[in-house]
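Residue numbers begin at 1 in each chain, while the letters A, B, ... track the order of the sequences.
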Amino acid sequence: MKNTIREIVFNAAKSAFDKGLLPSDEIPQMEIETPKHKAHGDFSTNFAMVSAAIQKMAPKKIAEHLVSSIEASELVEKVEIAGPGFINFFLTNDAWYPVIDDILSKDVAYGSSNFGNKKKVQVQFVSANPTGPLHVGHGRGAAVGDSVGNILSFAGFDVQKEYYINDSGRQIRTLGTSVWVRLQQQDGRDILFPDDCYKGNYIKDIAKAILEKEGPDLLQKEEKHGIEICARFAAAKILEEIKQDLNSFGIEFDQWFSEQSLYDSGRVDKVIADLKSKDLVFEKDGAQWFRTEIFGDEKDRVVVRNNGLTTYFASDIAYHIEKFERGFDTVIDVWGADHHGYIKRIEASVEASGKQKEQFQVILVRLVNLLRGGKPVQMSTRAGEFVTLKNILNEVGKDAARFLFLSRSYDSGLDFDLELAKQKNSDNPVYYVQYVHARITGILLKAQEREIISHIDLKQGEYLELLQEPEEINLIKILSSFTENVEKSAKTLHPHVIFTYLMTLASAFHGYYNKHKVITHDSNLTQARLSLVLCVKKVIRNGLSLLGVSAPERM
RNA sequence: GCGCCCGUAGCCGAGUGGAUAAGGCGUCAGCCUCCGAAGCUGAAGAUCGCUGGUUCGAUUCCAGCCGGGCGCGCCA
């Protein structure tokens with residue numbers, strides 16, 4: 001619809017120039033926007049104001065000439081000049097009806113577009129160490145990453161979702177030691193539990209599980225070997241549980257990428273050697289440093305320590321360069337906001353490999369404050385006690401959790417109240433939106449029962465011109481803006497744009513429902529309204545699915 | 001101290017440089033013999049942290065200050 005208006009403005013500008021009303025045929029960067037206030041029309045352009053300098057003419061004068069050159073159209077009811085020179089377009093009701101047939105025919109694809117031009121994008125998220133269960137913070141990151149992937153894909157990007165497994169020797173060895181020590185303790189030996197080991201109770205469970213599998217001989221093994229066995233077993237088991245948790249959170253990754261594989265294939269060594277040959281890595285104090293400072297970082301960073309071991313950063317450089325070698329145009333990482341100091345470092349790696357730093361983007365997700373009835377839930381990392389993602393899913397359910405995680409911009413902190421999330425009332429926005437879907441399904445079934453329609457999934461709108469109520473036209477307008485909202489969400493990488501859109505649509509529907517009956521004694525009008533609400537149902541479903549939330553037929 | 005992020009009503013918060021700053025919670029007053037009340041309608045509530053600057057126009061961009069969060073390891 002916006003593009004149609006843009007065309008009308010272009011043509012009018014050209015015609016005004018041809019007629020000699022405007023001195024220049026240059027068309028500046030102008031906006032076609034939907035005004036905040038209905039009194040300002042359906043669409044508005046700042047053409048006259050931004051043209052003032054080019055045309056050397058007062059904005060109002062330009063607007064007058066432009067408006068006088070607009071060709072009459074069935075879509076446009078009237079055009080007004082307002083304020084400092086805005087040109088406001090008021091469309092006829094007829095202009096909006098085609099939206100209904102468009103939605104009915106595109107169905108699950110309505111809202112998708114070619115905005116991304118099939119550009120290859122990778123979204124990497126969660127990527128938690130396989131050393132313990134996922135917690136709330138991972139949940140928010142997971143919801144954000146998964147939705148961003150869905151939205152980009154819907155907007156026409158070629159998206160791959162990836163999980164980076166930090167399974168490098170060092171961390172996994174600590175995990176192995178943790179299990180090994182617990183094993184010894186459970187066998188009655190008096191061993192002090194090391195401070196840098198993982199303290200959670202899940203370690204004890206893993207110790208029991210491995211003892212069951214390997215038998216008591218395990219305890220007699222030489223320590224180094226025993227730790228190794230424990231490490232492998234524990235990492236595999238935890239990763240399996242992480243996969244299950246993510247699965248019940250509705251998330252599937254296209255690829256699980258192992259950090260260890262970067263070492264095994266020699267990529268880490270090769271990258272360091274390459275950087276050294278370009279003099280981007282140098283030696284100081286017995287360590288190898290990457291000159292990240294020349295790329296804008298605060299200081300240079302160590303990639304190989306003076307004890308010969310590589311840092312986490314070393315494999316991260318190799319990993320990000322490897323991603324681009326896989327052909328991605330853009331690589332997006334979803335991180336906890338506490339890692340923001342790391343961005344410059346990775347940008348440096350990306351630039352050093354010859355890519356633009358804009359091709360690497362980081363979504364920083366702020367922390368989640370877990371509450372119960374307004375009071376903070378105590379989480380002691382010292383004791384390894386925390387509320388896991390699994391606990392939350394069991395308590396509040398996938399849909400409520402995901403919707404709340406995406407309810408606001410990720411660059412704000414989020415209070416997640418377990419009591420609130422469980423409530424099935426208007427305090428809980430997920431039900432507000434899902435209720436629309438269930439409610440409409442109810443109406444359609446009723447209409448089918450009364451034999452007004454033979455099937456609840458109409459393929460084409462009927463008697464649309466009977467939709468004359470302002471609430472009806474307003475609903476269609478909101479429906480028609482779904483695609484541009486998806487694009488905006490994709491462009492800004494902000495899934496909460498979809499959340500806000502769904503709330504707006506749901507609110508408009510509930511208001512309409514309370515004011516007007518869909519099923520009336522007038523069968524033509526009823527069919528028209530059924531066409532409309534079916535479209536609302538489909539768009540609600542499409543929007544919810546981008547957020548990974550289900551659209552129930554009944555609640 | 002340096003760097004990044006945030007500052008919008010009592011609270012939570014939306015807002016591609018545009019005209020009268022969404023919505024929700026909470027408060028107050030209403031709506032079910034009628035398609036699902038997990039819903040709706042109305043009222044009250046804001047010097048958009050402060051001060052300058054850029055602009056025809058700033059909540060939005062820039063600078064400084066104030067307040068909050070996070071980060072500044074040869075940890076991951």
Side-chain angles (χ1 to χ4, degrees), chain A residues 31 33 35-37 39-40 44-46 49-50 52-53 58-59 82-86 88 129 131 166 168 170-171 174 196 259 284-289 296-299 301-313 315-316 336-344 364 366-367 374 407-415 417 420 423-436 438-447 449-450 452 484 487-488 491-492 494 496-497 499-501 503-504 506-507 509-520 526 529-530 533 554-555:
Chain A
E31 302 286 336
E33 56 168 18
K36 270 181 254 174
H37 302 282
H40 297 143
S44 167
T45 179
N46 59 355
M49 282 119 84
V50 294
F86 287 104
N88 297 333
N129 303 337
T131 54
N166 297 123
S168 76
R170 182 193 167 85
Q171 267 180 105
T174 306
D196 58 347
E259 178 185 9
K284 191 181 80 178
D285 304 335
Q288 307 283 328
W289 301 68
D297 198 4
E298 288 170 33
K299 53 181 173 184
R301 310 288 177 176
V302 169
V303 287
V304 184
R305 294 184 278 166
N306 63 11
N307 63 7
L309 293 176
T310 51
T311 62
Y312 179 85
F313 180 40
S315 50
D316 244 3
D338 52 338
H339 288 73
H340 65 79
Y342 214 74
I343 296 176
K344 283 277 196 303
L364 291 177
R366 288 250 227 153
L367 296 181
S407 66
R408 58 193 57 159
S409 171
Y410 44 70
D411 40 39
S412 292
L414 179 74
D415 288 343
D417 195 310
L420 213 76
Q423 281 175 33
K424 300 195 169 178
N425 57 33
S426 57
D427 288 348
N428 199 342
V430 69
Y431 301 111
Y432 186 77
V433 175
Q434 287 185 322
Y435 187 51
V436 172
R439 216 175 200 186
I440 292 173
T441 306
I443 298 170
L444 292 165
L445 287 171
K446 180 81 69 181
E449 258 171 46
R450 297 189 190 169
I452 299 164
E484 62 196 65
E487 287 174 4
K488 182 182 168 193
K491 188 158 62 182
T492 60
H494 273 293
H496 79 270
V497 169
F499 171 91
T500 307
Y501 173 80
M503 292 298 283
T504 305
S507 166
F509 172 77
H510 285 311
Y512 172 61
Y513 176 88
N514 273 274
K515 188 160 176 187
H516 303 287
K517 306 282 289 182
V518 173
I519 298 174
T520 66
T526 301
R529 289 184 171 174
L530 287 170
V533 300
R554 216 169 290 118
M555 297 168 62

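- At the heavy-atom level, A:Y513 lies under 4.0 Å from base atoms of the strands shown.
- Shown here, B:U55 forms no base pair; nothing in the strands shown gives a Watson-Crick or G-U wobble contact with both key distances under 3.5 Å.
- Atom NZ of A:K299 and atom P of B:C2 are 16 Å apart (whole Å).
- A straight line from NZ of A:K446 to C1' of B:C34 spans 11 Å, rounded to a whole angstrom.
- Pair assignment for B:G23: B:C12, on the basis of Watson-Crick or G-U wobble contacts that are both within less than 3.5 Å.
- Between A:Y512 and A:H516, the angle of the ring planes lies from 30° to 60°, which puts this pair in the tilted group.
- The side chain of A:R439 has B:G36 as its nearest neighbour among B:G18, B:C40, B:G36.
- Heavy atoms of A:M503 sit nowhere under 4.0 angstrom from any nucleic acid atom.
- Counting non-hydrogen atoms under 4.0 angstrom, A:K491 reaches nothing in the nucleic acid.
- Within 4.0 Å (heavy atoms only), A:A52 reaches no atom of the nucleic acid at all.
- Among the protein residues, A:N88 comes within range of the nucleic acid bases, having at least one heavy atom under 4.0 Å from a base atom.
- Relative ring orientation between A:H496 and A:H494 is described as perpendicular, the plane-to-plane angle rising above 60° on a 0-90° scale split at 30° and 60°.
- Side-chain atoms of A:D338 stay outside donor-acceptor range of the base of B:G71, with no qualifying N/O pair under 3.5 Å.
- When the side-chain nitrogen and oxygen atoms of A:Y431 are compared with OP1 and OP2 of B:A38, none of them lie within a distance under 4.0 Å.
- Among the atoms of the strands shown, none is found under 4.0 Å from any heavy atom of A:G286.
- In this structure, A:L414 atom CG and B:C6 atom P are separated by 16 Å, rounded to whole Å.
- Across B:A29 and B:G69, the matching P atoms stand 39 Å from one another, rounded to whole Å.
- For A:S44 against B:A19, a side-chain N or O and a base N or O form a donor-acceptor pair under 3.5 Å.
- In this structure, A:E33 reaches the bases: a heavy-atom distance under 4.0 Å links it to at least one base atom across the strands shown.
- Interatomic distance, A:D417 CG to A:N428 CG, rounded to the nearest 0.5 Å: 10.5 Å.
- The residue A:H516 sits close to a base: some heavy atom pair falls under 4.0 Å.
- As judged by a 4.0 angstrom heavy-atom cut-off over every strand, A:N129 is placed among residues touching the sugar-phosphate backbone only.
- For the P atoms, the distance linking B:U8 with B:A14 amounts to 10 Å, nearest Å.
- A:Y501 meets the ring-ring contact (aromatic ring centres under 6.0 Å, His included) test with A:F482; sequence neighbours excluded.
- Between A:H40 and B:G18 there is no side-chain polar atom (N or O) within less than 4.0 angstrom of OP1 or OP2.
- Residue A:H340 places no side-chain atom within donor-acceptor reach of the base of B:C5, judged by atom type and a 3.5 Å distance cut-off alone.
- Residue A:S409 is classed as a sugar-phosphate contact, given heavy-atom separations below 4.0 Å to backbone atoms only.
- When rounded to the nearest whole Å, the span between CD1 of A:I519 and P of B:C34 equals 14 Å.
- Look at CD on A:Q288: it is 20 Å from P on B:G73, rounded to the nearest Å.
- Here B:A37 presents its P atom at 13 Å from OH of A:Y432, a figure rounded to the nearest Å.
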*Contact pattern, 5' to 3', of nucleotides 41-50 of chain B - B, S or - by protein heavy atom under 4.0 Å*: ----------
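- Among the nucleotides B:A14, B:G36, B:A38, the one closest to the side chain of A:S412 is B:A14.
- Heavy atoms only, all atoms of each residue included: A:N46 and A:E31 are closest at OD1-N, 2.9 Å.
- Counting non-hydrogen atoms under 4.0 angstrom, A:H37 reaches a base of the nucleic acid.
- With distances taken from any side-chain atom of A:Y342 to the nucleotides B:A76, B:C5, B:G15, the minimum falls on B:A76.
- Among the nucleotides B:C35, B:G71, B:A37, the one closest to the side chain of A:Y435 is B:A37.
- Between A:K488 and B:U16 there is a side-chain polar atom (N or O) within less than 4.0 angstrom of OP1 or OP2.
- Phosphate contact (OP1/OP2 of B:G13, side-chain N/O of A:Y410, threshold under 4.0 Å): absent.
- Here A:E31 lies in heavy-atom contact (under 4.0 Å) with a base.
- Using a 4.0 Å heavy-atom criterion, one finds that A:K344 contacts no nucleic acid atom at all.
- When Watson-Crick and G-U wobble pairs are counted only if both distances are under 3.5 Å, B:C75 pairs with no nucleotide at all.
- For the pair A:D415 CG and B:C25 C1', the computed distance is 13 Å after rounding to whole Å.
- The partner of B:C4 is B:G69, judged by Watson-Crick or G-U wobble contacts that both fall below 3.5 Å.
- Within the structure, a side-chain polar atom (N or O) of A:R305 is placed less than 4.0 Å from OP1 or OP2 of B:C75.
- The closest side-chain heavy-atom distance from A:Y431 to A:M555 is below 4.5 Å.
- With P as the reference atom, B:C61 and B:C5 are 11 Å apart, rounded to whole Å.
- With rounding to whole Å, A:F313 atom CZ is found 12 Å from B:C74 atom P.
- Here the side chain of A:A82 is nearest to one of B:A19, B:C35, B:G18, namely B:A19.
- Between A:K36 and B:A19 there is a side-chain polar atom (N or O) within less than 4.0 angstrom of OP1 or OP2.
- Across all strands shown, A:H339 has heavy atoms under 4.0 Å from base atoms, whether or not it also approaches the sugar-phosphate.
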